[in-house]
Amino acid sequence: MTAGLDPTGGLRYHLRARRYRTTLWAPFARAVSRWLATWNPPERELLLVGPSGGYCLDLVWLSRFERVTVLEIDPLARWIFARRVKRAFEAAKLAPPSLAFDRRDHLSPRAGRFVIEPLRALLEEHTQSSVLFCNILGQLPLLGPDPPEQLPDPPPEGSYERWLAQLVEALEGHSWASFHDRLSGTIRPRAELSLDLSPWRSSEALVADLYAETTDETAVLEDHRTSALAPKVPRAQMLWQLDRGVFHLIEALSITRD
Ligand SMILES: C[S@@+](CC[C@H](N)C(=O)[O-])C[C@H]1O[C@@H](n2cnc3c(N)ncnc32)[C@H](O)[C@@H]1O
């Protein structure tokens, strides 16, 4: 995939970030920071997956790790991320963690199928690492084929839903956390979203509980297919207003290794 044309990020994303990082996106970045402060993995290493330029992360939070390996396929994002980390740590007068970039693509579908082996192999290279997925798990399905109307249960090998279940198995023994899209569209959730943990809800229940009915025929709400991720784990919720009139319901969950 060419990162510049990547539907999950690319140049357009950096331009948006430049425009909105300190305005429209600021409440979301604060919510991510408050949520991250509640996650205390014992590992001294972190695999940071898809952080882009780190626009929505409290970069100084990375000081708790000795070594951070960044998985980011966009070269411009890697350059911006490294520069922003340097500046954030200089401003905080702290020594940054050692930073390494892994440019390989461990996540994109291959021949239209999501396969867990590349990520599993990577985790075997980083047995002592915790893992943070940065708003990427709700974007990856955009890179694969559309799902059928009705997914069989259990979901078939190669489907994104099956991959999410395999991902949780592959992460066994690691502390890990993810914040990711559940739903997005032109409708703003009516209810206040809370960082207090709540149980998994189906997408239908989220729509019924959190969104007002609308008569606007142009309204759209997209399901990002992250429902299958660790349904037994309670989760926090946040609102990310990506752009004027574009609202993302973000869920965040974390697991701390024993
Ligand atoms: C929506 S952006 C993440 C936003 C980011 N967390 C922030 O704070 O602004 C998704 C990121 O995932 C990256 N990405 C997409 N596919 C990837 C892959 N297969 N491996 C690593 N990074 C990937 C994109 O380049 C993009 O920077």
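As a basis for the values below, the full set of heavy atoms in this structure was taken, side chains included, without hydrogen atoms, waters or symmetry mates. Counting starts at 1 for both ligands and their atoms, in listed order.
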Enquirer: Please list, in number order, the atoms of ligand 1 under 4.0 Å from a heavy atom of S52.
Expert: 5 (C), 27 (O)
Enquirer: Which of parallel (below 30°), tilted (30 to 60°) and perpendicular (above 60°) describes Y55 and W25?
Expert: perpendicular
Enquirer: If you round to the nearest 0.5 Å, how far is CG of L107 from CD1 of I116?
Expert: 8.5 Å
Enquirer: Report yes if N135 has an N/O atom closer than 3.5 Å to an N/O atom of ligand 1; otherwise report no.
Expert: no
Enquirer: Is it the case that ligand 1 has an N or O less than 3.5 angstrom from some N or O of Y13?
Expert: yes
Enquirer: Looking only at N/O atoms, are L143 and ligand 1 under 3.5 Å apart anywhere?
Expert: no
Enquirer: Give yes or no for whether the N/O distance cutoff of 3.5 Å, strictly under, is met between D105 and ligand 1.
Expert: yes
Enquirer: Numbering the atoms of ligand 1 from 1, which are under 4.0 Å from a heavy atom of D74?
Expert: 25 (O)
Enquirer: For this output row, return yes or no: ring centroids of Y160 and W163 closer than 6.0 angstrom.
Expert: yes
Enquirer: Which ligand 1 atoms are under 4.0 Å away from a heavy-atom of L71?
Expert: 21 (C), 22 (N)
Enquirer: Do the side chains of M238 and E251 get nearer than 4.5 Å, heavy atoms only?
Expert: no
Enquirer: Could you check whether H224 and H248 have their ring centres less than 6.0 Å apart?
Expert: yes
Enquirer: Would you say S108 contacts ligand 1, with heavy atoms under 4.0 Å as the rule?
Expert: yes
Enquirer: Does some side-chain heavy atom of F81 sit less than 4.5 Å from a side-chain heavy atom of L48?
Expert: yes
Enquirer: I want to know if ligand 1 touches C134 in the polar sense, i.e. an N/O pair below 3.5 angstrom.
Expert: yes
Enquirer: For H126, which of L46, T69, V131 qualifies under side-chain contact (heavy atoms from CB on, under 4.5 Å)?
Expert: T69
Enquirer: What part of I73, side chain from CB on, backbone N/CA/C/O, both or neither, has a heavy atom under 4.0 Å from ligand 1?
Expert: both
Enquirer: Check whether any side-chain heavy atom of S184 sits under 4.5 Å from a side-chain heavy atom of L249, and report yes or no.
Expert: no
Enquirer: Any idea which atoms of ligand 1 are less than 4.0 Å away from a heavy-atom of P51?
Expert: 5 (C), 6 (N), 7 (C), 8 (O)
